[in-house]
Amino acid sequence: MVRIREPHEWPSTVDEAQAVQERLRPSVRFAEPPEVRSAAGLDVAYRGSDELVAAVAVLDVASLSVVDSVVVRGVAEFPYVPGLFAFREAPPLLTALERLSVEPDVLVCDGQGLAHPRRFGLACHLGVLTDLPSIGVGKTALGSYDPPGEQRGEWTPLRLDDEVVGRALRTQRGVKPVFVSVGHRFTLDTACDLVLRLAPRYRLPETTRAADHLSRTAPTRP
DNA sequence: GCGACAG
DNA sequence: ATCTTGTCGC
């Protein structure tokens with residue numbers, strides 16, 4: 001039920017890929033998202049050198065229960081190059097989004113949004129192409145930060161090139177923070193509020209955990 | 001030349 | 001991401 005709204009192509013070289021990011025970047029919007037009742041978690045698991053499994057799980061934010069999910073198997077069409085992560089994972093994730101039977105209110109991506117060398121990480125890419133509000137929640141930082149306070153909810157700015165591109169957010173006390181950045185049609189404050197609502201018990205949002213579990217446990221092709 | 005480098 | 005044992009904690 002998710003539609004692709006933006007014309008796009010999948011390049012095969014690093015130069016072309018960077019050009020695509022530069023072209024799409026101006027479409028990123030910085031705003032307050034409409035009410036967030038459902039959130040889609042997206043993740044990709046790898047098997048072997050080029051086989052991958054993309055999964056999307058839509059959760060009801062109030063109950064954190066899974067209301068819909070799709071798993072797509074595929075082959076990596078682009079090598080892993082830091083900064084060009086989206087060209088590897090976005091294609092199968094978009095296919096999965098199109099096969100959803102409901103349209104999620106927001107996308108919670110496993111990776112960065114604006115916290116990216118050209119300010120156009122996976123979350124921005126998926127947000128712009130679908131025109132859905134999106135955020136990036138990374139497990140490792142792209143940029144520098146000071147450790148946030150130990151209490152859940154505490155955060156510090158994440159900087160890249162002397163610019164604030166996101167936040168290091170503590171979702172649980174005693175665990176490493178996650179790195180939140182805006183993808184599309186979001187505000188950093190609202191993005192962090194949402195991540196905290198989605199992560200009441202564990203370090204990572206339940207959306208990411210659900211998608212990760214699906215991609216990891218999907219049966220191997222016969 | 002050396003280290004960094006989302007997943 | 002993935003390759004991998006035991007171990008501490010809830």
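Lettering of chains follows the sequences in order, A, B, ..., and the numbering in each one begins at 1.
In this structure, the aromatic ring of A:Phe85 is not positioned over the six-membered ring of the base of B:dG7 within 5.5 Å between centres and 30° between planes.
When ring centroids are compared, A:His125 and A:Phe87 come within the 6.0 Å threshold.
A:Asp131 is listed as a side-chain neighbour of A:Arg185, based on a closest heavy-atom distance under 4.5 Å. Within the 4.5 Å cutoff, no side-chain heavy atoms of A:Val182 are placed close to those of A:Thr187. With contacts defined as side-chain heavy-atom distances shorter than 4.5 Å, the pair A:Val164/A:Leu158 does not qualify.
A:Ser38 and A:Asp60 share no side-chain donor-acceptor pair at under 3.5 Å. Side-chain atoms of A:Tyr80 and A:Glu89 form no donor-acceptor pair, as typed in the model, at a separation below 3.5 Å. Under 3.5 Å, the side chains of A:Arg203 and A:Gln172 contain no donor-acceptor pair of N or O atoms.
Dashed line: the shortest gap from a side-chain N or O of A:Arg216 to OP1 or OP2 of C:dT2 is under 4.0 Å. For B:dG7, the OP1/OP2 oxygens have no side-chain nitrogen or oxygen of A:Tyr46 closer than 4.0 Å. Close to B:dC5, at under 4.0 Å from its OP1 or OP2, lies no side-chain N or O of A:Thr140.
The other members of the hydrophobic cluster of A:Val71, by chain and number, are A:Val53, A:Leu214 (side-chain heavy atoms under 4.5 Å, ILVMFWY only).
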Pair A:Glu154, A:Arg152 - check salt bridge (Lys or Arg N to Asp or Glu O under 4.0 Å), show working. CA-CA 6 Å; A:Glu154 298 204 80; A:Arg152 164 178 157 83; over 6 Å; no
Pair A:Ser101-A:Asp68, side-chain hydrogen bond (donor to acceptor under 3.5 Å, both in side chains): steps then yes or no: CA-CA 7 Å; A:Ser101 52; A:Asp68 192 19; 3.0 Å; yes
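The separation between A:Arg47 atom CZ and C:dT2 atom P is 9 Å, rounded to whole Å. Straight-line distance from the NZ atom of A:Lys139 to the P atom of B:dC5: 16 Å, rounded to whole Å. Straight-line distance from the CG atom of A:Leu204 to the C1' atom of B:dG7: 13 Å, rounded to whole Å. Between the CZ atom of A:Arg173 and the P atom of C:dC10 there is a distance of 12 Å, rounded to whole Å. Computed from coordinates, the A:Leu42 CG to C:dA1 P distance equals 15 Å when rounded to whole Å. Between A:Leu84 atom CG and B:dA6 atom P there is a gap of 12 Å when expressed in whole angstrom units. Distance CZ (A:Phe179) to P (B:dC5): 11 Å, rounded to an integer number of Å. Between A:His213 atom NE2 and C:dA1 atom C1' the separation is 18 Å, expressed in whole Å.
Within 4.0 Å (heavy atoms only), A:Gly83 reaches at least one base atom of the nucleic acid. Within the nucleic acid shown, A:Leu52 has no heavy atom closer than 4.0 Å to any nucleic acid atom. If you check every strand for non-hydrogen atoms under 4.0 Å, A:Gly138 touches sugar and phosphate atoms only.
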Scan nucleotides 3-9 of chain C nucleotide by nucleotide, 5' to 3', and note B when protein non-hydrogen atoms come under 4.0 Å of the base, S if they reach only the sugar-phosphate, - if neither. -------
Counting Watson-Crick and G-U wobble pairs with both distances under 3.5 Å, what is the dot-bracket string for DNA chain B, 5' to 3', using [ ] for crossing pairs and | for pairs to another strand? .......
